[in-house]
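Chain identifiers are assigned alphabetically (A, B, ...) following the order of the sequence lines, protein sequences preceding nucleic acid strands; residue numbering begins at 1 within each chain.
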2 protein chains.
Amino acid sequence: MTGRVTSFDVAEAAGVSQSTVSRALRGEPSIGTETVARIVAAAAALDYVPSDRARDLSRGTTKRIAMVVDLENPLWSLLVGRLHDLLADLSYHLTLIAGHPDSEVLDPALLGGGIDGVILSTVALDSTLPAILQRRSVPTVLLQRYTEGGELDSSVADDRAGGAASAQILLDAGHRRIGALLGPRNTSTGRDREAGFRECLADAGIELDEALVRMGSFDFSHGYESVSGLFSGETESPTALFCSNDSIAFGALNRACELGIAVPGDLAIVGFDDLEQASWATLSLSTVHVPFDDMLHSAVTMLMERIAGRTGLGRRVIHPVYPVLRSTHGD
Amino acid sequence: MTGRVTSFDVAEAAGVSQSTVSRALRGEPSIGTETVARIVAAAAALDYVPSDRARDLSRGTTKRIAMVVDLENPLWSLLVGRLHDLLADLSYHLTLIAGHPDSEVLDPALLGGGIDGVILSTVALDSTLPAILQRRSVPTVLLQRYTEGGELDSSVADDRAGGAASAQILLDAGHRRIGALLGPRNTSTGRDREAGFRECLADAGIELDEALVRMGSFDFSHGYESVSGLFSGETESPTALFCSNDSIAFGALNRACELGIAVPGDLAIVGFDDLEQASWATLSLSTVHVPFDDMLHSAVTMLMERIAGRTGLGRRVIHPVYPVLRSTHGD
DNA sequence: TTATGTTGTGCATACGCATGCACGATAAAA
DNA sequence: TTTTATCGTGCATGCGTATGCACAACATAA
């Protein structure tokens, strides 16, 4: 069906053997110049296209990387887009696989040898996936989150420092009654950003009112609904809100807008990630910049090393973050 | 490397032949219940995982679909995310391939039989890709745009009607001096949306001032920069702006915000696509809703039919669109 | 002239699962 | 008891490319 024409057909047309065709078309230097020319001509004439399936089986490699992403989290598109380009430069293709931090469904495609490596960006702290992949010797890198047992390479942001930086922004702006819309504690990003945030407040001697803290997923609706709750009049509302990521912050921001809560006048908001939209004038979100490009770059580098055969314990690359002051933090 | 353990090993452990293992594990009914049990046990004991590579070669199929997307256009993430889920339900995986409407680079992966089908969402009207894929009998569907020669199935929106609807929104709001930030004319979306828009204005007897028309790509910066240009004071500015998609509209909206141009007071804006963010209170973009879910659904349906062997001329499914009035159109 | 390289090709086989066909065994029908 | 199904398995081969090894042809050195 696919490649009706095989290398055997080309071989016959060119009057050589199949192996010679294979070598010639892949540019092996051992084939005579004239022979190559003849083979190339024959291949062109026959409209020959090598079978990827056969090549994959024969070479034991597929030049394909799987990325496990959380499709609920808008962040994935940012990561995937750039990753695609990075991999394309290395002649790899990208296959998408959905994964939620909670559901531990292991896509069989990850173990069947249909891919050369995996990039995990949705793992929970106690995820079992990493261990499985490792046992099966599937080259794997953790992208944005890490797990408890540090057996795998990981490329992450300095979430703790970022959480602290975020708190500092609000403190510097004079806020004392600060709320927090946090991400899941079973993710390193959720946990560390929270830890950094709390630490900074504690260092400043500010007590965090737990009534102003909301746990939720890393998405728009968490921010949206939390603001509804915090401003329902049942308790005294915060003057500032730390959000564990920009999506949450956008949700908060928009709900505040709907409720007529002035930002940052009545409510300051800081996010985390520095998504593209954060810089839009209409939103102008103060946030913490996460260097996704750098993170992706080292993730890919480490993955390639693993594919090339590097062994040994996991390496953890932590990328620095920095605050970006725009309009929503007050001051 | 990958699956050190093969079906031969399982066969030996279970005391049967390799072919029986293959049949048993795939649930062929012809294998005795007890034998199956023995094989399953052996497979589990040996930690056997079938080789996807070998299966692909042998079956002549890969259960993998490639989607060609334009990574510059934010729309792709919306499409890809949902497509992934639709395909997952059918046990297919999604592989991403970058493509620009202009550059006609044909990724060799599309022809090598490494995928079972292709969804093209970035084609230009005169693209040669469709013809190539068709000649090679690669099941293919055009997603959001179509091409001149209607040989392939396509699932698109009623862009012409949408363009008209958009113009009507602005006319109804009383605008007469209307500008337009259009997408590329070598795409069906760009051309048809423009055509519908112009047609509607013409029907209403309104003349479009070509000085207020800007052509560009379907992205944020087109909108952003065009507003800079239109309000540089060199010519009389428009009171309303038709944008060929939401990304352009967001660019326009944000630039207007920066320049202190009130929307919709000084400038009305309508977009096209109805991206998620359009509904955010902070943006509240009036736009034309495109039913991406429906479009994806029929695209996938048609693709599966082609993979199943349907032949014949291309079918074109046109999905209706409708205006969504929010806050930016004036009124 | 014999020994010693080079260079260019072909042969044979590996890769690991899927599957058409044949066959032995047990059961049902004659 | 012989015939005809039915069921369960194994054998052999296909899928199409990659590659180790052998070898012939021709060149260079001794």
Base [N] to side chain [X], donor-acceptor N/O within 3.5 Å cut-off:
X	N	answer
B/Thr6	C/dC17	no
B/Gln18	C/dA18	yes
A/Ser19	C/dC11	yes
B/Arg53	D/dG16	no

[N] phosphate, OP1 or OP2: any side-chain N/O from [X] under 4.0 angstrom?
X	N	answer
A/Ser51	D/dG16	no
A/Tyr48	D/dT17	yes
B/Ser30	D/dG8	no
B/Arg23	D/dG10	no
B/Ser17	D/dG10	yes
A/Ser22	D/dA18	yes

Lys/Arg cation over aromatic A/Tyr92: A/Arg64, 6.0 Å, 45° cone: no
Short side-chain donor-acceptor distance under 3.5 Å, [Y] and [X]:
X	Y	answer
A/His319	A/Asp294	no
A/Asp116	A/Thr61	yes
A/Thr147	A/Ser127	no

Could you check how far [atom1] of [X] sits from [atom2] of [N], rounded to whole Å?
X	N	atom1	atom2	result
B/Glu34	C/dT26	CD	P	14 Å
A/Phe8	C/dA12	CZ	C1'	11 Å
A/Ile31	D/dT19	CD1	P	13 Å
B/Arg26	C/dG16	CZ	P	17 Å
A/Asp56	D/dC15	CG	C1'	13 Å
A/Arg55	D/dT19	CZ	P	11 Å
B/Glu28	D/dG10	CD	P	13 Å
A/Arg59	D/dG20	CZ	C1'	17 Å

Pairing of [X] and [Y] as salt bridge, 4.0 angstrom limit:
X	Y	result
B/Arg135	A/Asp47	yes
A/Asp153	A/Arg310	yes
A/Arg315	A/Glu305	yes
A/Asp52	A/Arg55	yes

Start at the 5' end of DNA chain C and walk down; is the nucleotide closest to B/Thr20 or to B/Leu57 reached first? B/Leu57
Select base, sugar-phosphate, or nothing to describe what B/Val21 touches, counting heavy atoms under 4.0 Å on all strands. nothing
Wobble G-U and Watson-Crick pairs count when both distances are under 3.5 Å; given that, what is the 5' to 3' dot-bracket string of DNA chain D, with | for pairing to other strands? |..|||||||||||||||||||||||...|
